[in-house]
Amino acid sequence: VKVKIPFGNKYLDAIFSVPEKKPTYGVILTHGAGGDMNFPHLVSLAAYLASHGVLCLRFTCKGLNIAYRSKAFKAVVEYLKLSDDYKLSGVFLAGRSMGSRAAASVIGQLSQADDDDDGFIQGLVCLSYPLHRPKLQSKLRDEDLLLIRCPVLFVSGSADEMCEKQLLEGVVSKMKAPKKIHWIEKANHGMAVKGRATNDVMEEINAQVFSWLRENVQL
């Protein structure tokens, strides 16, 4: 189901992947710095979640400014929260690369403001979280992660040039939230693994995300 979500004086393009049975929980999903909501990994994850009973709303927001992307993400959360078509008990925010930074930023802001006492946001899924720029490991983008209190899942490639394994493990050990990292062996930032079919990698990611959701809410 295609929708347009009001955002300031503009609209964000979005697509609902709707399960056959009435869903209780949803996932809001967005893309990285390049591409849009039709990035193959997002399409694959959305279809997988919907086929397993989880509503998925994926959206496109092209801005390269993290504050702008976070605002857009917030608008989509509000839209889904107030939606009459889907009365959900809660949602997980999810994103790929820069999209996961935007999702983390939204939850970090809410944790600071104690804004989310209605518990609508259930957790965060970070696919290829860009912890640092390539070759710039001294500046970590970890401030939002350290504020978060809800459960967090990281799915990262062990050879991701923007998320060195030891550095992510170090940040995660400092996080107060319940957290889990799933490493995709030898995958780079784009989740490509030499000698492994893309679909095979996507299936591993999708299954990991779904089983983690299931550990955190009654699906």
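Along the sequence shown, residues are numbered consecutively beginning with 1.
Under the 4.5 Å side-chain contact rule for hydrophobic residues, Val1 and Leu80 share a cluster. Residues Val172 and Leu145 share a single hydrophobic cluster, defined by chaining ILVMFWY side chains whose heavy atoms lie under 4.5 Å apart. With hydrophobic clusters built from ILVMFWY side chains whose heavy atoms lie under 4.5 angstrom apart, Val43 does not share a cluster with Val201. Under the 4.5 Å side-chain heavy-atom criterion for grouping Ile, Leu, Val, Met, Phe, Trp and Tyr, Leu167 is connected to Val152 within one hydrophobic cluster. Tracing side-chain contacts under 4.5 Å through hydrophobic residues (I, L, V, M, F, W, Y), one never reaches Leu93 starting from Met98; they form parts of separate clusters.
By the 4.0 Å N-to-carboxylate-O rule, Lys87 lies close enough to Asp84 to be salt-bridged with it. A salt bridge is defined here as a Lys NZ or Arg NE, NH1 or NH2 lying under 4.0 Å from an Asp or Glu carboxylate O, and Lys179 with Glu169 fails to meet this definition. Taking 4.0 Å as the cut-off between side-chain N and carboxylate O, Lys4 and Asp13 count as a salt-bridged pair.
Within the 4.5 Å cutoff, the side chain of Gln208 has heavy atoms near those of the Lys180 side chain. Within the 4.5 Å cutoff, the side chain of Arg69 has no heavy atoms near those of the Phe73 side chain. Asp36 has its side chain within reach of Lys62: a pair of non-hydrogen atoms, C-beta onward, lies under 4.5 Å apart. Side-chain atoms of Val125 and Val27, non-hydrogen and from C-beta on, never get closer than 4.5 Å to each other. In this structure, the side chains of Leu153 and Leu124 stay at 4.5 Å or more apart for every pair of heavy atoms. Taking 4.5 Å as the limit, every side-chain heavy atom of His182 sits out of range of all side-chain heavy atoms of Phe154. A 4.5 Å side-chain heavy-atom check between Pro130 and Ser100 finds at least one atom pair inside the cut-off.
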Walk me through it: do Arg133 and Glu161 pass the test salt bridge (charged side-chain N to carboxylate O under 4.0 Å, His left out)? CA-CA 8 Å; Arg133 293 194 171 141; Glu161 59 283 12; over 6 Å; no
Show your working on ring pair (Phe, Tyr, Trp, His ring centres under 6.0 Å) between Tyr68 and Phe7 and close with a plain yes or no. CA-CA 11 Å; Tyr68 179 79; Phe7 174 47; 5.5 Å; yes
List the steps, then state whether ring pair (Phe, Tyr, Trp, His ring centres under 6.0 Å) holds for Phe39 with His31. CA-CA 7 Å; Phe39 186 74; His31 56 90; 8.7 Å; no
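Between Trp212 and Phe92, the two ring planes are perpendicular [angle over 60°; tilted spans 30° to 60°].
Between the side chains of His189 and Ser97, a donor-acceptor pair is found at a separation under 3.5 Å.
Considering His132, Gln166, Glu164 in turn, Glu164 is the only one that fulfils the side chain to side chain donor-acceptor pair (under 3.5 Å) rule with Gln137. Paired with Val155 under the rule side chain to side chain contact (heavy atoms under 4.5 Å, CB included), one option of Ile181, Ile205, Leu45, Asn206 passes, and it is Ile205.
Atom NZ of Lys186 is surrounded by 12 or fewer heavy atoms from other residues, nucleotides or ligands within 6.0 Å. Other residues, nucleotides and ligands contribute over 12 non-hydrogen atoms within 6.0 Å of the CD atom of Glu143.
Put simply, the side chain of Arg96 never gets that close to the backbone of Leu127: no donor and acceptor are under 3.5 Å apart.
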